[in-house]
Amino acid sequence: MLGRYALTYGLRLAVLAAALGLWQGLSAAGVIRGDEFPSMSQTATALWDQASGSSLWNAVGETLEGWALGLVIGVAAALLLGTLIGMNGFAYRSVIGVIEFFKAIPVIAILPIGLVLWGATLTMKFALVAFAVFWPLVIQVCYGVRSLDPVARDTTTVLGVRGPRKFLTVTLPSAAPFIATGLRVAAAVALIVDIIAELIGGGSGLGERILVAENAGPSVYPIMYAYIVVAGILGVLLAGAFSVAERYVLHWHESQRSAKAQGQDRGYSERKGLTLVVS
Amino acid sequence: MSSHDLSNAAGPGLAARAANSAPARALTRVWLFVVLFVVWWFWSAGSKSLYFPPLSSILKALWNQWVTGPARAELASSLEHLLVGYVIAGLVGIGIGALLWSLRYLRDATSPYLYFLYVLPAPVLVPAAMTLFGIGFTMKVVLIAFAAVWPTLLNTLDGMRGVDQVKLDTSQVLGMSPLGSVFRVVLPAAAPQIVAGLRNSLQVAIILMVVSEWVASTDGIGYYIVTAQQGFDYVGMWSGIIVLAIIGTVANLLFVLAENRALHWHYGARAVEGTRP
């Protein structure tokens, strides 16, 4: 077992080394033109320079600020409205079509409205993020609230549990896995929208720095690619954090328990993590 | 609102029955759209605000510009980028996903990097694509294809890994060739997840279509919107927004129709097992 892991990780490192080596080699051989695509060593140096100064961390901080504010607002609104809609059959059937419609609108369509209302500000960024996060999540919350197991529902009725107590002890736990999946997707969507708002809308953060570096010409391209790498790492970290949090909070739920039981098989847990990100 | 009061007044039993008849169900799904439209129409009718022009003038611009006017060219060019990029992404995604599924070591060795590219917020690649491919057709298609390939690729790989080993063994015992079993056993079994990936890819492709036109272009819907916005033509801007909303909705609708056709056997089987979602 240990041998297999060592082999896998060895192979992964080898692939990384080969890719970086190939990149450097192609640049050195002149196959990739330096004024179009910087070499690996230039990019790595730029990344190191940026990371040792404050500029990179400021950009990351600004991006995270828009991401977090928008996510909190969008999630809070979706939880509240989704629960209310989900609890009433007529409201659910009336509203679900409208929600599906808004969910299908590419967020970027809303960006110009945000721009004329707020300009290139933090408000514009988090408003867009909140809008983008709200629609997919509110659907998940509705499904979650409506997915209550009939036996559990009848039992609560028989036992006379109702009102807030029913909500907290029965409805919310049964909706939790749906909400968790929705949250993880929302976190990823929020980052993409936040970066679009910076790249196109000009709100400050990683996206804006990348565009500025591109406009500044070939000598600054290494910095542009350094920021692109940072954006990817940020994506991995945020997605990973939400997966871990979900496993921690929902450890009692079947979906997580069965994952744990089969945790020996790494393939399964990896697959599961991926599936849920995508679903 | 009147149908709400009615169903309440009729009592729960009757309301439930009424809600189950087809016209009532359709009515329930539609009335809120109508209400929202009417509210928007009258609320904006006398609007003097520059940012929120009357709905009537937006719809007029929609007709004059996008249906009969010059913006049709922008629409056509956007849809062309989208279609070409998306088809490439779908084919490459399924192809490479299947290839990686068959080559276990390569799959294990590359999986973290594929995940990195999947999670990377694709719009950050727009400036890089501009330096590499200029601002023409190639840049947009490459960008759309590159960004949209990952959901399909990873879902294909994932769906194929989930295929029941018994099915594979059975196909072997029955003397199917390896390639035959891929097409007749593995692909159908993985189809639902591949379709989920394709759906994700479509959303990514639409976003990248607009972003690429927005940042660097001389044509397309994104270009139209940004020009209108910077020229203070807010009616034009709103008409572009509505076009985007329609494209998103129609693309989604077409996808669901195609999915239901292609996967009806799957939903049928699931319904028999009583687990239809």
Side-chain angles (χ1 to χ4, degrees), chain A residues 7-8 11-12 14-16 19 36-37 89-90 93-98 100-101 104-113 115-117 188 191-192 194-196 199-200 206-207 210-211 213-215 218 221 224-225 227-228 231-236 238-239 267 270-271 274-275 277-279, chain B residues 4 7 15-16 19 25 28-33 36 51 105 108-113 115-117 119-128 130-132 151 154-155 158 161-162 193 196-197 200 203 206-207 210-211 214-215 222 225-226 228-229 234 237 240-241 244-245 247-249 251-252:
Chain A
L7 182 65
T8 304
L11 276 174
R12 285 177 181 177
V15 166
L16 184 64
E36 285 184 344
F37 201 99
F90 176 76
R93 283 189 301 275
S94 302
V95 173
I96 196 72
V98 176
E100 294 275 5
F101 174 75
I105 297 179
V107 198
I108 191 166
I110 312 299
L111 180 71
I113 305 173
L115 272 179
V116 297
L117 284 179
L191 184 64
I192 292 177
D194 192 31
I195 284 182
I196 290 179
L199 194 76
I200 294 183
L206 282 173
I210 290 170
L211 193 64
E214 195 271 336
N215 288 334
Y221 285 176
M224 172 171 86
Y225 283 94
Y227 277 118
I228 291 176
I233 295 174
L234 199 60
V236 172
L238 293 178
E270 264 178 22
R271 191 167 83 227
L274 198 65
T275 313
V277 169
V278 173
S279 62
Chain B
H4 187 188
S7 61
R25 220 165 28 202
T28 321
R29 285 187 71 95
V30 164
W31 70 267
L32 194 57
F33 280 103
L36 287 176
Y51 301 153
Y105 285 106
D108 285 350
T110 52
S111 67
Y113 312 114
Y115 184 69
F116 178 83
L117 289 169
V119 179
L120 178 77
V124 300
L125 295 171
V126 176
M130 276 157 61
T131 69
L132 288 174
L154 290 173
N155 270 290
D158 208 35
R161 286 176 64 178
Q193 209 175 339
N200 255 28
Q203 287 166 352
I206 293 179
I207 289 184
V210 186
V211 174
W214 199 295
V215 176
I225 295 180
V226 74
Q229 183 221 323
Y234 293 115
M237 178 187 93
I241 291 172
L244 274 186
I247 289 181
T249 316
N252 197 41

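Nothing here was measured: the structure is a model prediction, and the numbers come from that model. A note on names: the letters A, B, ... follow the listed sequences, proteins ahead of strands, and every chain is numbered from 1.
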Which region of [X], side chain (C-beta onward) or backbone (N, CA, C, O), has a non-hydrogen atom less than 4.5 Å from a non-hydrogen atom of chain B, or is it both or neither?
| X | answer |
| --- | --- |
| Ile195(A) | side chain |
| Tyr225(A) | side chain |
| Leu206(A) | neither |

Taking all atoms of both residues into account, what is the closest heavy-atom pair of [X] and [Y], and its distance?
| X | Y | value |
| --- | --- | --- |
| Ile228(A) | Val124(B) | CD1-O, 3.6 Å |
| Ala231(A) | Pro121(B) | O-CD, 3.7 Å |
| Thr131(B) | Met224(A) | CG2-CE, 4.1 Å |

From [X] [atom1] over to [Y] [atom2], what is the distance, rounded to the nearest 0.5 angstrom?
| X | Y | atom1 | atom2 | value |
| --- | --- | --- | --- | --- |
| Ile241(B) | Leu111(A) | CD1 | CG | 9.0 Å |
| Thr28(B) | Ile96(A) | OG1 | CD1 | 13.0 Å |
| Leu120(B) | Leu191(A) | CG | CG | 9.5 Å |

[options]: which one forms the most heavy-atom pairs within less than 4.5 Å of chain B?
| options | result |
| --- | --- |
| Ile192(A), Leu211(A), Ile113(A) | Ile113(A) |
| Ala213(A), Pro106(A), Pro112(A), Ala19(A) | Pro112(A) |
| Gly207(A), Gly89(A), Ala104(A), Ala14(A) | Ala104(A) |
| Ser94(A), Ala109(A), Gly97(A) | Ser94(A) |
| Leu238(A), Val98(A), Thr8(A) | Val98(A) |
| Leu11(A), Ile108(A), Val15(A) | Ile108(A) |

Check: Are the side chain of Arg29(B) and the backbone of Arg93(A) linked by a donor-acceptor contact shorter than 3.5 Å?
Finding: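 Pair absent, no side-chain N/O of Arg29(B) close to backbone of Arg93(A).
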Less than 4.5 Å to any heavy atom of chain A: does that hold for the side chain of [X], its backbone, both, or neither?
| X | result |
| --- | --- |
| Tyr113(B) | side chain |
| Phe116(B) | both |
| Ile225(B) | side chain |
| Tyr105(B) | both |

Item checked: Closest-packed option against chain A by number of heavy-atom pairs under 4.5 Å, given Pro123(B), Gly240(B), Pro127(B) ->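 Maximum pair count with chain A is reached by Pro127(B).
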Notebook entry, point to check: When heavy-atom pairs shorter than 4.5 Å are enumerated against chain A, which of Leu244(B), Leu117(B), Ile247(B), Val215(B) gives the highest number?
Noted result: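 With the most close heavy-atom pairs to chain A, the winner is Leu244(B).
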Margin query: Parallel, tilted or perpendicular: which one describes the rings of Trp31(B) and Phe90(A), with boundaries at 30° and 60°?
Written below: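 Ring orientation of Trp31(B) relative to Phe90(A): parallel.
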Notebook entry, point to check: Would you say Ile196(A) and Trp214(B) make side-chain contact, with heavy atoms under 4.5 Å?
Noted result: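 Not touching, per the 4.5 Å side-chain cut-off.
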